[in-house]
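One structure is given here, and the rest of the page talks about it.
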Amino acid sequence: MKRTTGLLIILIATCALVFGAGAKEQVTQTVQIEEEVTQMGPLNSNPLSDVRVRQAIAYAIDMDAIIEGLLPGAVAADSLTPNNEWKVAGLEAYSYNPGKAKQLLKDAGWDSAKVLDLVYYYGDQQTVDLMATVQAYLADVGIKVVPRKLEGDLNSQLWVAPKDPVNGTSAVAWDLAYAGLAVVSQYEYYNRFLSGAATNSHTPGNAELDALLDAVNKTNKVAEQKEYFGKIQQFENKYLPIIPLYYQQLFVVESDRLTRNGAGYGNEQYAYDWKIQTWDIKPNADGRKVMKANGGPLQFFEAPFVAPAIFTSQKVLFDRLIVADGGLQNFRGQLAKEYSVSADGLTISFTMKDNIYWHDGSPITAQDVKFTWELAAKVSSVNVLFSGLFKTIVGYADFNTKKTNELSGITVKDNTVTFKFASIFPNALVALSQLPPLPQKYLGTADPLQIQQSPYWQNPIGSGPYMVKEVRMNNYCVLVPFGKYHEGRGIIDEIQLYPSGESDPNLVKNALAGQLDYGWTKSLTDANALKSVAGLKVMPYDMNYTRLIYVNKFAK
Amino acid sequence: MQEREVVLEISGLKTYFPIKTGIFKRTSGFIKAVDGVDLKVFKGETLGIVGESGCGKTTLCKTIVMLNSACEGKILWHDDEFGSIQLPTKDKKQLKHIRNRIQYVFQDPQSSLNPAFTVFGAMDDALKVNGVKSRKERRQIVCDLLRSVNMREDALDLYPHEFSGGQRQRIGIARALCVKPELLICDEAVSALDVSIQAQVLHLLCDLKNRLGLTFLFITHSLSVVEYISDRIAVMYLGRIVELGDTDDLFQNMFHPYTQALRSAVPVVDDSQRTTRILLSGDVPNPADPPPGCAFHERCWRCMPECKVETPKLRSYKVNDKDYYVACHEVHEKLKDKENETNGNK
Amino acid sequence: MNSMQRRLNKKMDILLERENSGPLKKKNLNRALRRALQNKLALVGLGIFLSIIILCFFAPLFTKYDPLKINIRASLQSPSAAHIFGTDTIGRDIFSRILYGGRLSILIGFGSAIGASFLGVVLGAWAGYRGGWFDFLMLRTSELFLFFPQIILCLLLVTMVGQSVGNLLGIFIFTGWCGIFRMTRARMLSLREEEYVQALKVLGVPEPIICYKHVLPNALGPVFVNITLSTAIFILQEAALSFMGLGVPLEIATWGNILNVANNLNILKVNWWIWLPVGTMISLFVLSINFIGDGLRDSTDPSQQG
Amino acid sequence: MQQEIVLRISNLHTNFYTNMRCNKVLKGVSLEVERGKTLCIVGESGCGKSVTAASVMRLLPDLARIESGEIVLYDEGREIHIEALDKYGKSMSDLRGSKIAMIFQDPMSALNPVYSIGFQIIEMIKRHTKISASIAKEKAVSLLREMGISSPETRIKDFPHQFSGGMRQRAMIAMAMSCEPKLLIADEPTTALDVTVQAQIFSLMEKLKKEHGTAVMMITHDMGVVAEMADDVVVMYMGYIVERGSVQQVLKNSTHPYTVGLMRSIPMIGKGKKQKLQPIRGCTADPYDTSPGCPFVTRCDFSIQLCHECIPEESTVSGNHKVRCHNPIQKGAVDART
Amino acid sequence: MLTYTIRRLLIIIPMLILASFLVFLGLELMPGDAVSFMADPETLANMDPAKLDAVREQLGLNAPFLVRYLRWLSGVLKGDFGYSLTSGVPIKQIVFQTLPATIELSLAALLFSTVLGTILGIVSALRRGRMTDNVLTVAGLLGMSVPQFFIGLVSLFVFAINLGWLPIGGRLRPGYESFIDRFPHLVLPAVVLGLALTAGVMRYARSSMLDVANKDFIKTARSKGLSEWRVNFIHGFRVAMTPVAILLGLRLPTLIGGSVVIEQVFQWPGIGNEFLSAIRGQNYPLVMMIAFFMVLATMVSSFLIDLVTALLDPRVRLS
């Protein structure tokens with residue numbers, strides 16, 4: 001479950017910021033929806049298709065109390081869009097109001113004998129408690145809910161669209177589904193409500209919403225996008241196709257022995273300008289500078305195709321072509337000396353630095369970059385960020401159908417590599433700042449469908465500031481500074497990584513044992529536990545990740 | 001002699017138990033518990049079978065009541081109703097019939113009664129099987145039985161632990177009698193009892209025999225007991241009968257060296273009955289691996305060369321005008337002339 | 001040895017005194033039961049056991065709180081007069097949760113023990129009594145089960161059939177029968193050689209009646225002891241499975257599920273009242289069962305006179 | 001021959017304290033064992049004969065104790081009061097094996113199954129003598145040879161389960177005799193054996209007794225054994241010695257109704273159906289019964305009023321022949337009744 | 001003895017084949033298609049169905065049942081145990097990485113519980129009915145009554161977190177190569193894992209000793225004038241140990257099963273931890289193979305214990 005959760009959470013909204021590169025100042029606008037939400041009564045036999053019922057659910061849940069009691073540190077949500085520049089003002093917060101909820105239910109003629117099926121798929125205690133709490137709050141206003149944990153193939157139980165996307169009978173069994181939604185861009189927050197979207201198992205097509213989404217999908221002007229997304233937020237705020245619960249935070253943990261020497265903070269699930277070579281730590285009793293962290297390998301070093309930098313090892317062992325700041329904007333070259341984007345946005349080219357080497361001492365070439373993206377295009381499981389990129393590259397269709405052996409859209413000339421796109425992919429730079437070039441000479445013969453099985457991932461030859469010295473899978477791995485690193489040798493003598501997946505209770509255990517100088521977690525429970533450990537600071541970071549309840553409005 | 005009615009006829013009976021050894025638990029040999037026994041039991045007589053432990057006397061009797069299965073030979077039950085039944089039988093009717101004809105009294109008063117059942121409970125099911133439908137009737141039958149073994153009726157609802165050893169043995173006898181058998185096999189029925197009690201039970205058995213006209217097959221290791229109770233005695237050694245004859249004749253003659261040794265080894269109270277002790281060397285051989293020829297030859301002081309080669313047959317001789325059987329080469333030399341011509345009939 | 005000898009002497013003096021002072025009345029109670037009652041530990045065990053059973057089954061009399069009543073604003077309160085064991089992460093009263101959760105845990109423990117024993121006894125009696133291929137087959141099957149660490153088998157089955165109380169009961173019965181099977185079988189193997197069994201055969205009583213009516217009751221003594229002991233084991237197993245999040249669904253309160261929160265180091269460190277009382281409750285209950293089982297075993301075991 | 005007493009037991013009371021009851025097993029046992037003689041203790045099961053032996057060896061279970069009385073071992077002029085020794089103490093364990101040895105009913109369970117016969121004999125020799133291991137081994141081999149075990153050099157390495165029943169008992173005797181004890185206690189040594197083997201064992205014991213002058217205290221329930229083996233006899237009933245004396249006196253001239261009854265209820269070999277068994281009626285009383293009279297009174301054909309009122313004291317019939325009866329049967333009276 | 005050994009071995013082989021078949025059957029009965037567990041729903045929704053089919057084909061999921069079983073079995077015999085679904089790593093590699101840790105832990109626990117349990121059991125038997133015995137009896141029952149993971153948590157809380165005497169978890173640390181270095185990591189998990197078994201062994205050793213104390217040969221030993229020490233240890237203990245060894249053989253599965261829980265509590269990087277995360281991740285091939293390995297481990301170790309038992313008992317050894 002942990003792993004699934006991890007994978008789910010990887011997809012964090014970033015591309016909006018790229019788009020917003022030109023429009024940094026906060027534009028707050030209130031867009032009025034011209035018409036009232038047209039449909040107030042039930043759409044079909046399913047009482048949940050009645051807006052009033054959904055509003056009643058929203059009013060019935062006291063999210064502030066839940067956060068205070070169960071989820072300290074979380075932020076209550078009033079929309080899918082988190083509290084950033086894309087957020088429109090004046091949304092109804094649906095604050096706790098059981099009286100109003102009851103009234104709404106009465107108006108909607110709610111049948112109190114009906115039992116709703118609330119499904120969830122996280123196995124942790126906190127989720128179970130939350131479900132119990134939601135159940136209790138809803139019971140207070142007369143809605144019977146029975147939580148049920150899903151097992152097995154989640155996809156076929158959660159996200160199967162009905163044959164008729166407007167009136168059709170539901171293809172899934174649940175009424176309410178508790179889930180987390182983490183996206184790359186605002187589009188992905190909302191495009192799943194398009195009628196006929198492949199994963200839209202819950203919301204019958206609505207012409208008004210479809211029109212708004214259509215409009216926003218057709219423009220690449222930031223101001224227009226903001227306007228439309230604002231309208232969508234307001235529409236959903238009224239129409240409530242989902243009940244937003246809270247925004248999740250990410251917590252960075254550092255011991256007070258560690259100094260980052262000015263390197264910034266960011267969304268730790270992604271590669272950003274970490275500058276770890278400049279980090280410093282107080283020497284231990286032996287006079288050596290040793291940093292202990294989690295995010296080490298369990299059975300292998302995680303390949304970067306799905307989660308490019310969620311493990312500490314991935315961040316430290318590899319450099320990218322370009323690197324962004326903590327908010328994943330303002331790129332600068334890392335392995336690339338410089339990069340340029342054409343005016344139409346369809347060509348991006350990178351000139352590689354001269355003094356860049358793999359950890360085995362051989363030089364990193366532009367061909368490695370091309371190879372990496374061609375490999376990514378063949379790998380069975382990749383992050384949407386990357387698949388979005390290579391799918392828009394010129395010649396992808398031929399490459400995918402094996403008509404050509406190479407992606408013609410990526411060309412290499414001397415130390416320059418050029419990407420040509422068939423259509424605009426808004427997240428191109430972010431994607432390029434995440435997937436690190438991989439050495440062709442080690443991975444050239446690996447099976448792309450089961451890339452993780454390549455022996456390379458037992459002891460990878462990377463390009464980053466630190467390299468693997470010793471690894472005992474499942475126990476620890478030791479990293480030491482890479483002497484020929486192009487931005488200077490790292491200050492810390494040794495980095496010890498202890499194995500952990502993401503949101504792993506090991507983090508707390510290691511911290512208690514004094515074995516943690518750096519780490520991060522998304523678990524509120526762990527963060528709260530870490531706060532009480534002497535010598536540790538815990539810093540929350542706003543990331544764009546919304547927890548919500550999907551409401552299935554199709555007729556059963 | 002020929003007029004005596006034979007109820008049970010055993011011929012060439014062999015009961016072997018497989019010994020499983022080796023990696024695959026393959027049968028590597030047999031314990032020859034009963035190794036070729038010929039025997040006739042006459043109606044109304046008490047036939048004593050005497051022998052030391054491991055000689056196969058118990059196995060022989062358990063084979064008769066179908067608790068063990070024979071691997072060779074025949075057991076025939078002669079009866080007015082069915083003519084003769086060959087045992088073991090699969091026929092349900094015959095089986096039920098034979099279960100009511102032959103009964104068994106066990107040795108150990110501790111384990112021969114179920115501690116969880118009252119006296120009545122122990123016999124209840126047997127009576128039910130025999131079609132006694134009413135509970136009252138069944139209780140009456142058990143009461144009568146108890147009285148016939150000299151016990152009080154109120155013992156009916158008592159549990160075994162409330163009885164002494166002698167009383168338990170009486171109950172065991174009563175249980176065997178509850179189906180009105182003709183042949184009662186007593187397997188060491190008095191061996192585990194104290195001497196004073198032993199005499200009581202022996203009395204009871206004699207009394208029952210006279211009253212009910214039972215036929216007894218009486219197994220014991222004690223020569224004095226068998227002499228006291230039996231009309232005829234068979235001496236067994238290592239799965240075979242070595243000597244068989246009327247009690248008086250047997251005690252008078254004791255042709256077989258083993259019988260003699262056995263007799264002489266019994267400690268006696270009465271000095272007048274003391275005989276010169278014949279000390280046998282060694283133990284009874286392993287029934288899984290009996291010596292060739294006569295099984296007794298290794299311990300026998302009268303061993304002849306042919307004893308080591310040829311297993312002596314149980315031959316019939318005329319002693320005092322009665323059939324007398326001995327299986328010994330040396331004895332045969334002496335008694336040749338008395339050999340009974342009729343033994344070929346068997 | 002001297003102090004022991006002195007102690008024994010004292011005990012013997014008392015008995016002698018009692019014997020000399022007049023004829024003792026014959027006691028009617030079952031000897032084994034009487035001996036069990038003389039065992040102080042067994043009595044203490046019985047006391048604890050009954051108190052917990054009463055507490056759980058008459059839970060509404062002892063607590064005014066609904067175990068499901070959530071009061072999110074009163075979460076993680078330490079023990080007080082209002083909540084004697086405090087409240088949990090979503091403000092439910094822990095005391096009432098322990099009582100109500102106990103009902104299910106005890107039900108699972110006893111249900112599985114009785115189910116598994118029934119299965120084991122029925123199969124074991126026949127296998128031990130009859131022998132032959134049935135015995136061979138069952139013996140091999142039970143060996144296979146014994147080679148599977150039980151908790152591994154449970155985990156496997158839970159993932160196969162899903163988490164629910166019914167499933168868990170079924171799984172425990174399915175995985176737990178072979179101990180009692182082997183025990184019953186072994187007892188039957190020796191009992192079937194008893195002479196009364198042979199006597200019944202000779203009397204022509206049908207085999208199933210001999211097996212189940214006449215012989216089995218004599219094999220049941222140790223089996224009853226085993227039922228108590230396996231109840232203890234099943235309760236512990238339920239707790240262990242729940243601790244790993246794979247037992248009864250987490251939203252249903254059982255002792256194991258309540259204890260599950262101790263997985264969280266912060267709660268382990270700070271909110272001791274969440275895990276300590278329920279952990280103690282499980283331990284106490286299991287301990288009391290073990291005390292009783294131990295007393296019963298001692299009293300049925302003739303070699304343990306004293 | 002000068003009579004030399006090896007062991008004297010006087011007025012021994014031993015109680016068992018199991019099942020929260022006090023069971024008075026021995027209620028005043030007195031006897032003497034002489035050097036080179038065999039004393040047989042005879043009686044029915046539960047009469048206390050084995051407990052007498054265990055009391056002498058101080059091998060009573062923890063929940064039993066000697067209440068009163070004396071057990072005196074006479075050893076080269078010394079009088080050792082066994083009842084006063086600590087049962088687990090060194091002085092008692094020094095006595096066991098070297099002065100008093102014991103053999104048990106079932107040699108299979110009396111030998112430790114996991115050690116070789118040799119180990120168990122040598123262990124005993126080394127415990128009581130200061131000889132080296134190799135000499136002890138030689139001694140064990142010669143002992144086994146003396147017991148009639150063929151090729152003892154190899155059999156000494158065998159384990160008990162590889163021996164036959166008779167051989168096991170021989171090995172037990174070899175072990176018991178290894179330190180030349182003054183007194184050998186044999187607790188039903190042949191009950192588990194066949195008659196022919198029993199004869200072998202008895203002749204072996206006779207031989208040893210003659211050669212070593214060992215006093216033997218043998219426990220048995222078989223009157224035949226008594227008649228053949230014993231010099232002196234003690235008849236026990238319900239924890240009392242009811243009659244004792246030489247074998248002639250007790251068997252030929254029985255005075256206690258119980259002894260008489262016993263003699264008449266044994267089928268005598270060679271007499272066949274001609275004899276008439278006269279069983280003792282009833283059965284042994286409850287050991288916890290506390291009624292004041294003679295314990296045999298309920299089964300006795302000769303009881304008088306006094307028998308119901310008190311337990312008779314021991315009275316002398318003639319010489320060493322003593323009986324505990326209010327109404328002993330006079331010589332000749334028995335025959336008159338038959 | 002050789003016959004005995006071979007026979008025990010031959011009993012194990014059909015059991016192993018049966019176990020392997022059950023494991024495979026279990027794999028087949030697990031809910032869902034293997035491929036559907038390879039990534040989270042959102043990622044899967046974005047994957048190309050053709051690629052999924054390619055993966056299915058490659059994993060051999062389309063062949064008939066028996067073919068798959070035989071293919072799987074022959075693979076297992078050749079040392080190819082398949083691949084972890086979630087990571088694609090060969091299961092062999094995972095097993096070889098994690099099994100030594102579990103073996104180390106189980107052996108340590110076994111050693112600890114056997115030695116301590118036996119000693120306490122004997123002490124308890126020799127001081128029967130006295131204070132020591134009563135205390136040990138109650139302690140033994142307590143050891144069997146408190147949930148293992150609860151003891152684990154509490155001892156972690158007390159000894160590692162509060163007192164800081166022992167490390168909180170893990171097995172290896174950089175630079176800690178020798179066993180002595182690693183020993184502190186082993187102490188808590190091994191002790192906690194062994195505790196229940198210790199209690200069992202203790203109780204069993206006690207009753208076995210008491211049982212033997214009533215045997216005739218103990219009386220013989222005393223009648224030989226042997227010292228109490230020799231009676232109890234040379235004669236009593238040696239015989240009493242056989243049932244204890246048999247008990248150990250029977251309890252081994254519990255020990256190995258218990259390692260799943262204990263490894264979880266102490267973050268011991270063993271196969272039990274791997275098993276649990278495989279179950280949580282519904283990584284069925286890994287789950288099944290680990291289960292199979294655990295059965296194999298119990299079979300092999302109970303075989304070894306059988307041999308030891310046979311060596312202890314001449315009646316078996318010489319037959």
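These numbers come from a predicted model, not from an experiment. All chains are named by letter (A, B, ...) in the order of the sequence lines, taking the proteins before the strands, and each is independently numbered beginning at 1.
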Any C:Trp275 side-chain heavy atom under 4.5 Å of E:Phe150 side chain: yes

C:Gly293 versus C:Val225, closest heavy-atom pair with distance: O-CG1, 3.6 Å

Segment of C:Leu41 engaging chain E (4.5 angstrom heavy-atom cut-off): side chain

For chain E, the option from C:Gly256, C:Cys154, C:Ala239, C:Gly179 that forms the most heavy-atom pairs under 4.5 Å: C:Ala239

Identified salt bridge (charged side-chain N to carboxylate O under 4.0 Å, His left out) counterpart of E:Asp133 within the set E:Arg203, E:Arg206, E:Arg128, E:Arg127: E:Arg206

Intermediate values then yes/no, side-chain contact (heavy atoms from CB on, under 4.5 Å), C:Ile94 and C:Val278: CA-CA 8 Å; C:Ile94 291 182; C:Val278 69; 5.7 Å; no

Structural part of E:Leu276 lying under 4.5 Å from a heavy atom of chain C: side chain

Heavy-atom proximity to chain C below 4.5 Å, by part of E:Phe275: side chain

Shortest non-hydrogen contact from E:Met144 toward C:Val286: O-CG1, 4.4 Å

Side chain to side chain, E:Phe157 and E:Leu163, heavy atoms closer than 4.5 Å: no

Winner by heavy-atom pair count (cut-off under 4.5 Å) against chain C, out of E:Leu153, E:Leu252, E:Leu141, E:Leu250: E:Leu141

Contacting moiety of C:Ala232, where chain E heavy atoms sit under 4.5 Å: neither

C:Leu144 versus chain E, the contacting section by heavy-atom distance below 4.5 Å: both

Toward chain E, the part of C:Leu246 with a non-hydrogen atom under 4.5 Å: side chain

Heavy-atom side-chain proximity of E:Thr254 to C:Pro149 below 4.5 angstrom: no

Which portion of E:Leu296 sits near chain C, non-hydrogen atoms under 4.5 angstrom: neither

Among the listed options C:Ile233, C:Leu146, C:Leu155, the residue most often paired with chain E at heavy-atom distances under 4.5 Å: C:Leu155

Near-ring test C:Phe145/C:Phe174, centroid separation under 6.0 angstrom: yes

Option that, when pairs with chain E are counted at under 4.5 Å, heavy atom only, ranks first among C:Ile289, C:Ile282, C:Leu157, C:Leu259: C:Leu259

Residue C:Glu143 versus chain E: region with a heavy atom under 4.5 Å: both

